[in-house]
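I have placed the structure first, in the form of structure tokens, so that the comments after it can refer back to it.
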Amino acid sequence: MHIIKVENLVKRFGSITAVDNISFEVEEGTIFGFLGPNGAGKTTTINILCTLLSPTSGKAYLNGHDCNSESSEVRKSIGIVFQDSSLDKDLTARENLVFHSYLYNVPKTERKERVEDALRFVDLQDRADDLVKKFSGGMKRRLEVARGLIHRPKVLFLDEPTLGLDPQSRTNLWEFITGLPKKHKVTIFMTTHYMEEAEVCDKIAIIDKGKIIASGTPQELKRIIGGDVIYLKTDDNKKAMEDIKNLFDVEVSEKDGEIFISALKGDACIPEIIREIGERVLSVRMQRPTLNDVFLKLTGKEIRDEVASSGDSIKETVRSYRRRHD
Ligand SMILES: Nc1ncnc2c1ncn2[C@@H]1O[C@H](COP(=O)(O)OP(=O)(O)O)[C@@H](O)[C@H]1O
Ligand SMILES: [Mg+2]
């Protein structure tokens with residue numbers, strides 16, 4: 001069953017087209033990754049699905065309900081972890097969860113049990129009575145995920161869940177997130193601009209400048225590359241790129257001072273390149289394609305690992321979300 005269905009969705013902010021006619025579906029109980037650089041339109045799409053924004057045109061359905069006209073039905077079906085933390089730092093972990101269970105009308109008889117379950121689930125039961133402001137970034141994220149699950153949503157939205165976390169916490173959080181669909185029968189809709197993180201997804205859509213430029217499983221997407229990836233440094237990359245293009249039937253581009261070649265059989269291709277332009281080659285390496293390579297091939301640019309600004313638009317979204325739930 002398709003728990004999310006998006007048809008020809010468009011969102012404009014004045015002259016900016018943040019979401020430009022996208023369509024996709026998400027299968028229930030899977031992890032869906034929405035992948036793209038900053039400003040691609042990921043958060044805007046999530047906000048439409050979460051009923052926080054109305055689309056300019058097109059349709060979005062969640063759990064069979066129209067995200068624009070049946071917002072209260074949709075809201076009952078979702079949990080959200082925002083790009084920026086929206087925990088109350090002056091409350092304890094447990095208080096944050098209890099407060100949330102009030103907001104979402106969790107039945108009184110179940111409140112206590114669900115809160116304790118959630119604390120245990122994210123391994124924070126020992127810290128339940130500590131103020132959130134004393135928590136590390138990773139602990140706060142785990143608590144937010146726990147909070148997002150308390151009302152048993154059908155879909156959990158995670159907008160850049162690992163942003164600002166150290167590598168260790170990122171790895172831990174991913175292990176935890178990937179276990180969620182089985183444990184909680186929940187569908188995960190996540191965004192990230194860290195390409196390697198999307199490897200855990202069952203299906204990925206790559207979005208750039210508001211448009212979905214590719215979608216499929218991580219393996220399917222990597223097949224777009226069609227073979228291996230060769231990185232080459234030479235004394236004159238421009239000249240070498242021209243020569244390689246003329247000599248071999250391969251696609252060539254440049255990034256960070258290295259020539260990027262996608263080749264069907266890299267191990268056969270390298271000796272030939274060395275034979276032809278070997279004296280100008282400073283270094284050469286070959287690897288299996290990554291999702292980053294896929295993005296580079298499709299757009300001619302790399303997803304830059306820049307720190308996303310905690311823009312005012314997101315803070316305003318959180319505020320309006322809270323207003324609606326007060
Ligand atoms: N409330 C808003 N008003 C005007 N422009 C916006 C607003 N929200 C987002 N945008 C613009 O829409 C584009 C997509 O933004 P966003 O969906 O936040 O991208 P992402 O989450 O992929 O980084 C960007 O150009 C952004 O500046
Ligand atoms: Mg965003």
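In what follows, every heavy atom counts, from backbone to side chain, and hydrogens, waters and symmetry copies are set aside. Predicted model only: the values in this text are computed from it and were never measured.
A donor atom on one side chain and an acceptor atom on the other are not found under 3.5 Å apart for Ser169 and Asn172. Asn96 and Asp88 are not linked by any side-chain donor-acceptor pair at a separation below 3.5 angstrom, with hydrogens and angles left out of the test. At a cut-off of 3.5 Å, with distance as the only test, no side-chain donor of Glu28 or Thr187 sits close to an acceptor on the other residue. Side-chain polar atoms of Arg12 and Thr56 form no donor-acceptor pair below 3.5 angstrom. Between Asn47 and Thr44, the side chains place no donor N or O within less than 3.5 Å of an acceptor N or O (distance only, hydrogens not considered). There is no side-chain donor-acceptor pair under 3.5 Å between Thr299 and Asp208.
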Practice prompt. Apply ring pair (Phe, Tyr, Trp, His ring centres under 6.0 Å) to His65 and Tyr61, showing your working.
Written response: CA-CA 5 Å; His65 301 292; Tyr61 300 93; 9.6 Å; no
Item to complete: Decide yes or no on side-chain contact (heavy atoms from CB on, under 4.5 Å) for Phe24 and Ile4, but give the supporting numbers first.
Response: CA-CA 8 Å; Phe24 61 88; Ile4 295 175; 4.2 Å; yes
Practice prompt. List the steps, then state whether side-chain contact (heavy atoms from CB on, under 4.5 Å) holds for Met190 with Phe32.
Written response: CA-CA 6 Å; Met190 59 150 246; Phe32 182 82; over 6 Å; no
Item to complete: Test Ser23 against Glu7 for side-chain hydrogen bond (donor to acceptor under 3.5 Å, both in side chains), laying out the working first.
Response: CA-CA 4 Å; Ser23 302; Glu7 295 170 351; over 6 Å; no
Practice prompt. Go through Gln168 and Arg170 one step at a time and tell me if the side-chain hydrogen bond (donor to acceptor under 3.5 Å, both in side chains) criterion holds.
Written response: CA-CA 5 Å; Gln168 176 79 47; Arg170 274 167 64 177; over 6 Å; no
Discussion item. Is there a side-chain contact (heavy atoms from CB on, under 4.5 Å) between Glu25 and Val6? Walk through the geometry before answering.
Written reply: CA-CA 6 Å; Glu25 281 145 6; Val6 169; over 6 Å; no
Worksheet item: So Glu144 and Arg141, salt bridge (charged side-chain N to carboxylate O under 4.0 Å, His left out) or not? Walk me through it.
Response: CA-CA 5 Å; Glu144 284 191 284; Arg141 280 289 165 187; 3.6 Å; yes
Fill in: Residues Val186, Ile188; criterion side-chain contact (heavy atoms from CB on, under 4.5 Å); working and verdict
CA-CA 6 Å; Val186 66; Ile188 305 284; 4.1 Å; yes
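In this structure, Ser71 contributes its side chain and Asn68 its backbone to no donor-acceptor pair below 3.5 Å. Glu276 contributes no side-chain N or O that, together with a main-chain N or O of Glu272, makes up a donor-acceptor pair within less than 3.5 Å. Within the 3.5 Å criterion, the main-chain N or O of Glu160 finds a donor-acceptor partner in the side chain of Thr191. Counting only distance, with no hydrogens or angles, the side chain of Asp20 and the backbone of Thr17 share no donor-acceptor pair below 3.5 Å. Remark: the backbone N or O of Ile230 is not paired with any side-chain donor or acceptor of Gln287 at under 3.5 angstrom. Checking side-chain atoms of Thr92 against main-chain N and O of Asp129 turns up no donor-acceptor pair under 3.5 Å.
Residues Val115 and Tyr102 fall within the same hydrophobic cluster, defined by Ile, Leu, Val, Met, Phe, Trp and Tyr side chains chained together at heavy-atom separations under 4.5 Å. Under the 4.5 Å side-chain contact rule for hydrophobic residues, Leu119 and Leu91 do not share a cluster. Hydrophobic clustering (ILVMFWY, side-chain heavy atoms < 4.5 Å, transitive): Ile261 and Tyr231 are in distinct clusters. Hydrophobic clustering places Phe121 together with Val98 (ILVMFWY residues linked when any side-chain heavy atoms are closer than 4.5 Å, directly or through intermediates). Follow the hydrophobic side-chain contacts under 4.5 Å out from Val229 and you never reach Met241; the two are in separate clusters.
Look at Glu251 and Lys297 and you find a salt bridge, because one of the NZ, NE, NH1 or NH2 atoms lies within 4.0 Å of a carboxylate O, short of that distance. Comment: Arg94 engages Glu116 in a salt bridge, judged by a side-chain N to carboxylate O separation of less than 4.0 angstrom. Using a 4.0 Å cut-off between a side-chain N of Lys or Arg and a carboxylate O of Asp or Glu, Glu73 and Lys76 qualify as a salt bridge. Salt-bridge formation is not detected for the pair Lys42/Asp159: no Lys NZ or Arg NE/NH1/NH2 atom is positioned less than 4.0 Å from an Asp or Glu carboxylate oxygen. Electrostatic pairing of Lys238 and Glu254 does not count as a salt bridge here, judged by no charged N lying under 4.0 Å from a carboxylate O. Ion pairing between Asp236 and Arg280 fails under the 4.0 Å rule for side-chain N and carboxylate O. The pair Asp117-Arg120 meets the salt-bridge criterion, with a side-chain N (NZ, NE, NH1 or NH2) lying under 4.0 Å from an Asp/Glu carboxylate O. A salt bridge links Asp243 and Lys239; the closest N-O separation between the charged side-chain nitrogens and carboxylate oxygens is under 4.0 Å.
In this structure, Glu113 places its CD atom where only 12 or fewer heavy-atom neighbours from other residues, nucleotides or ligands lie under 6.0 Å away. Atom NZ of Lys112 has 12 or fewer neighbouring heavy atoms from other residues, nucleotides or ligands inside a 6.0 Å radius. Within 6.0 Å of CD in Glu242 there are 12 or fewer heavy atoms belonging to other residues, nucleotides or ligands. With a 6.0 Å radius and a threshold of 12 heavy atoms from other residues, nucleotides or ligands, Lys140 has its NZ atom above the threshold. More than 12 heavy-atom neighbours from other residues, nucleotides or ligands sit within 6.0 angstrom of CZ on Phe13.
Going from atom CD1 of Ile3 over to atom OG of Ser77 covers 7.0 Å, rounded to the nearest 0.5 Å. Distance check: Ile212 CD1 to Ile206 CD1 gives 10.5 Å after rounding to the nearest 0.5 Å. Within the model, atoms NZ of Lys233 and CG of Asp256 stand 9.0 Å from one another, a figure rounded to the nearest 0.5 Å. Here the CG atom belonging to Asn292 is positioned 11.5 Å from the NZ atom belonging to Lys222, to the nearest 0.5 angstrom. Separating the CG atom in Leu53 from the CD1 atom in Ile46 is a distance of 11.5 Å, to the nearest 0.5 Å. Here CG of Asn21 is found 4.5 Å from CG of Asn8. Values are rounded to the nearest 0.5 Å.
Between Ile259 and Ala240, the shortest heavy-atom contact is CD1-CB, 3.8 Å. In this structure, Ile224 and Ala214 approach most closely via the heavy-atom pair CD1-CB, 4.1 Å.
In this structure, Thr217 and Asp202 have side chains that are not in contact, with every pair of non-hydrogen atoms separated by 4.5 Å or more. Between Leu143 and Leu97 the shortest side-chain heavy-atom distance falls below 4.5 Å. A 4.5 Å side-chain heavy-atom check between Lys89 and Leu131 finds every atom pair outside the cut-off. In this structure the side chain of Val26 never reaches within 4.5 angstrom of the side chain of His2, judged on heavy atoms. Counting heavy atoms from C-beta outward, Leu232 and Ser283 have side chains that stay 4.5 Å or more apart. Within the 4.5 Å cutoff, side-chain heavy atoms of Leu173 are placed close to those of Pro161. No side-chain heavy atom of Lys5 sits less than 4.5 Å from a side-chain heavy atom of Lys59. Side-chain contact check for Lys255 versus Asp293: some heavy-atom pair is nearer than 4.5 Å.
Note that Arg142 lies outside the cation-pi zone of Phe176, set by a 6.0 Å cut-off to the ring centre and a 45° limit from the axis.
Separation of the Phe82 and Phe157 ring centroids does not fall under the 6.0 Å cut-off.
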